[in-house]
Amino acid sequence: MAQIINHSFDTIPKSYLFSEVARRVAAFRAAHPEKRLIPMGIGDVTRPLRRPVIEALKKAAEEQTHAESFHGYGPEQGYDFLREAVLGHYAGFGVHLEKEDVFISDGAKSDLGNLPDLFSGDCVVLLPDPVYPVYRDSNLMAGRRVTYLAATRANSFAPLPDEALHADLVYLCSPANPTGAAYSKEQLKVWVDWALANDAVILYDAAYECFIQNDLPHSIYEVEGAKECAIEVCSLSKTAGFTGMRCGYTVVPHGLVREGQNLHDLWLRRQCTKMNGVAYPIQRAAEAVFTPEGMAACREDIAAYLRAAAIVADALDELGIWYCGGKNSPYIWMECPRGLDSWQFFDALLENAGIIGTPGSGFGENGEGYFRLSAFSGEENARAAMERLRAWLQS
Ligand code: MLT
């Protein structure tokens, strides 16, 4: 009898990493309702939306109540006002894009999971390990072959390709989730040159670019040749606190052609078929992020999250625990103390300090023995959490 179910689901963990964390936390809460837990697990923002964004949202919502200003289905790639604002943001890094190359989306996660629709089931997907599990699970679900490139302490969690490496599709994230490691321009050039030489395509996740505080590249398009080999995905979730609003943007340059097919045209065809865009009020709110007032407010929030990361980093320094990240990233990637494995440390941290984090092994085999703490919980929580960690580990 023909199989009707996609059995590739058998090749991925039964639950999505953050659902599994939430399930275990719910069980712990049920058993210990008196404990106040500090959430430093999923990278969900806690600072509220800023005034310019809310004013734009309210204005757009009001427009929807009048026949003359009502908006139904929007343009397939997003409204021009937002695509032009995105172009302006890129111009700030010295990257010049065509408006046609920008697609407005409901966030990075869906596009990163859906972009493989453009590629055949036979193509080989390369992922750094550890990695954001969406890249892995969405390709395994589709039955693709996934290979891994070890991201370890030895390569500062920023692996580079060598000549022997072969793959068709590569996911890179910089600054990286979960390790916070970020590629320099020279390192990204190595990836771009490798992709061009191998006819590979890079899916570049720039969701954390807003955390960069120095001269590291914000976009892969800062590297010459990237428009011929890379698609870039970004989101306002972390830039502007949009995790509950859902808006992002993906750049598929016109120059990106493989086997005679223009990937931009394929993505447009795919999106027109399977997506109806992002709500008009949300796109207006997103436009407000890119105004000088909007950006200034977002920078204040990012600075506050980075101060929270510094509180965690200082405590780990004091406790003599190895870590990286937290400088150009909201994530601290730490070694599990006391020789615990990632899930053992997750349980012990919850039990002894009431802190929720994310086990490194959930991001891949090389994450075993490591743990991710998110600074999105804010300064006050970071301080309280580190006091609890000190009290536990020094007891
Ligand atoms: C994370 O915690 O890794 C992220 O918040 C997940 C996401 O952005 O989907």
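Whatever order the structure lists ligands and atoms in, that order sets their numbers, starting from 1. These figures come from a predicted structure and were not determined experimentally.
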Using a strict cut-off of 4.0 Å, indicate which atoms of ligand 1 neighbour a heavy atom of [X].
| X | value |
| --- | --- |
| Y331 | 1 (C), 2 (O), 3 (O), 4 (C), 5 (O) |
| F18 | 1 (C), 2 (O), 3 (O) |
| G43 | 1 (C), 2 (O), 5 (O) |
| I42 | 2 (O), 5 (O) |

Using non-hydrogen atoms of the residue, decide whether F376 is closer than 4.0 angstrom to ligand 1.
no
Nearest non-hydrogen protein atom to atom 7 (C) of ligand 1, with distance, is Y132 OH, 3.0 Å
If you scan protein heavy atoms around atom 8 (O) of ligand 1, the nearest is K238 NZ, 3.1 Å
At under 4.0 Å between heavy atoms, what of N177 touches ligand 1? The answer is side chain
TODO: Indicate the ring-plane relationship of Y208 and F211, choosing parallel, tilted or perpendicular according to the 30° and 60° boundaries.
DONE: tilted
Review point. Is the side chain of N155 donor-acceptor paired with the backbone N or O of A150 at a distance under 3.5 Å, no angle test?
Key: yes
Those residues at least two apart in sequence (or on a different chain) that pass side chain to side chain donor-acceptor pair (under 3.5 Å) with Y323 are D317
Members sharing V124's hydrophobic cluster, built from side-chain contacts under 4.5 Å between Ile, Leu, Val, Met, Phe, Trp and Tyr, are none
Are Y370 and F157 close enough that their ring centers fall under 6.0 Å? yes
| request: For ligand 1, find out whether one of its N or O atoms is nearer than 3.5 Å to an N or O atom of R372. | output: yes
Carboxylate-amine/guanidinium proximity below 4.0 Å for K227 and D101
no
Between E387 and R390, does any NZ, NE, NH1 or NH2 come within less than 4.0 Å of an OD or OE carboxylate oxygen?
no
